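Scroll down for the structure; my scribbles are underneath it.
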Amino acid sequence: MAAEAIVRPTTMNPNQSRNEENPLEAMNARFDLAAEKLGLDQGLYNILKVADREIAVAIPVVMDDGSLNVYRGYRVQHSVARGPGKGGIRFAPNVHLDEVRALAAWMTWKCAVVNVPFGGAKGGVCCDPSKLSMGELERLTRRYTAMIMDFIGPDRDVPAPDMNTNPQIMAWILDTYSMHQRHATPAIVTGKPLELGGSHGRVRATGYGVSLMTREALYRQGMDPKTCTCAVQGCGNVGSVSAETIAALGVKIVAISDINGGIYNAEGLDMTQVRIQLEEHRSLDGFEAGDRITNEELLELDVDVLIPAATENVITSRNAEKIKARVIVEGANGPTTPGADRIFEENEVLVVPDILANAGGVTVSYFEWVQNRIGYYWDERDVNNRLERIMVNSFQEVCAMAEKHKVSTRIAAYMLAVDKVADVTRTRGIYA
Ligand code: NAD
């Protein structure tokens, strides 16, 4: 893609003339600010501002009734300067290119923050998986894989699960790719089933990483976990494991929610009951361990720690002022808009930003890829110990950067990441 058309804004105020809920604009606002603070060279800025490669495909699928549907799919590789692209594939009816671009760039910054040797990529297919049979879902996945096959690979770009995709879908991608290679290629995807070369600890890695970041943030603020309360938005993979592992630190989890709303109990929720409820019903419907509250009320509870672990844009300039938590650890990608960032800075709320807080998942994906490539597998304790070392170290680096440049932890994380990717790009030079 031609970079000359991209002009760096002269005014770097991230809150100006932006649609704060467009994920690409939200990502760009932070990137621009980090680039300005770093004094990033204009040429490097132009390179890092746009994706290296964007693939759009039309995916024909024969439906169970014999009719033919065509689905729109994307794979965006934001940067492969530090290593193969890395990032999930999202199946959702409203997936759009700007969203995939933002998510791909976030992966670049996330991998750089935790120093795993991957670039950033993301995929998306516009479909409603709840309306597809297993057969239709499999045919859609395999055809999408075939259509992006020239651009993915263990050394090129390694997909993983994201919204509405799962280990079974990764198994179909692995199989399709391996059939074309004529040999099993487990390192083509991460987040696959254990028996196909998945890693111990991968399923819980993001939530466990969120709890490690919560522990570090509380220590940094001089807050004793045993006297703290916490609300968790979302009880899917990230939210449920975050809640359980934060509770294990001694923090009282007083609220948790799903898309239909939350449960609040000032005495603290029993995490075993929450787990059983979720295992049996996969939602909080009918769970009577406390009072029903809305998702908006959950965010504004009088708690010490808030974990947004559901979806993007839930904390904006409209509600940030009402949030009482002193520590926010972003389990979800993009839960906070740039407008809210400014309010948190003014109110001295410590935010552990998404590109650090939820990087446990991609870090263990990296471990999975390493294990596939060396053909030697680690146990869960080994995985978790390595994850803890990496995440705690990255947290300290981000805090040191924030102190040195007198910026928020979010902008510090972006600065750390942008600087690393810029450095590699500069050193590699431009192949002409
Ligand atoms: P999930 O589908 O397992 O769970 C999502 C949860 O959020 C569910 O409880 C759902 O009911 C709830 N939810 C959805 N929309 C909501 C809304 N509008 N308001 C309130 N609650 C809502 O997803 P997940 O894997 O737990 O991912 C959650 C977030 O974390 C996403 O932003 C995802 O991109 C991010 N993330 C996930 C991983 C991972 O390893 N799974 C890694 C990094 C980041």
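Both counts, for ligands and for their atoms, begin at 1 and track the order of listing. No experiment lies behind these values; they were computed from the predicted model shown.
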How are the rings of His78 and Trp109 set relative to one another: parallel (under 30°), tilted (30 to 60°) or perpendicular (over 60°)?
-> perpendicular
Side chain Glu330, main chain Asn358, donor-acceptor under 3.5 Å = no
So, the side chain of Tyr144 versus the backbone of Tyr74: is there a donor-acceptor pair under 3.5 Å, distance only?
-> yes
Residue pairs passing the ring-ring contact (aromatic ring centres under 6.0 Å, His included) test with at least one member in residues 338-367, sequence neighbours excluded, are Phe118-Tyr366, Phe367-Trp378
Look only at the side chain of Thr185 and the backbone of Ser178, and say whether a donor-acceptor pair between them is shorter than 3.5 Å.
-> no
At a 4.0 angstrom heavy-atom cut-off, what protein residues surround ligand 1?
-> Arg90, Asp162, Arg202, Thr206, Gln233, Gly234, Cys235, Gly236, Asn237, Val238, Asp258, Ile259, Asn295, Ala309, Ala310, Thr311, Gly331, Ala332, Asn333, Asn358
Are more than 12 heavy atoms from other residues, nucleotides or ligands located less than 6.0 Å from atom CE of Met63?
-> yes
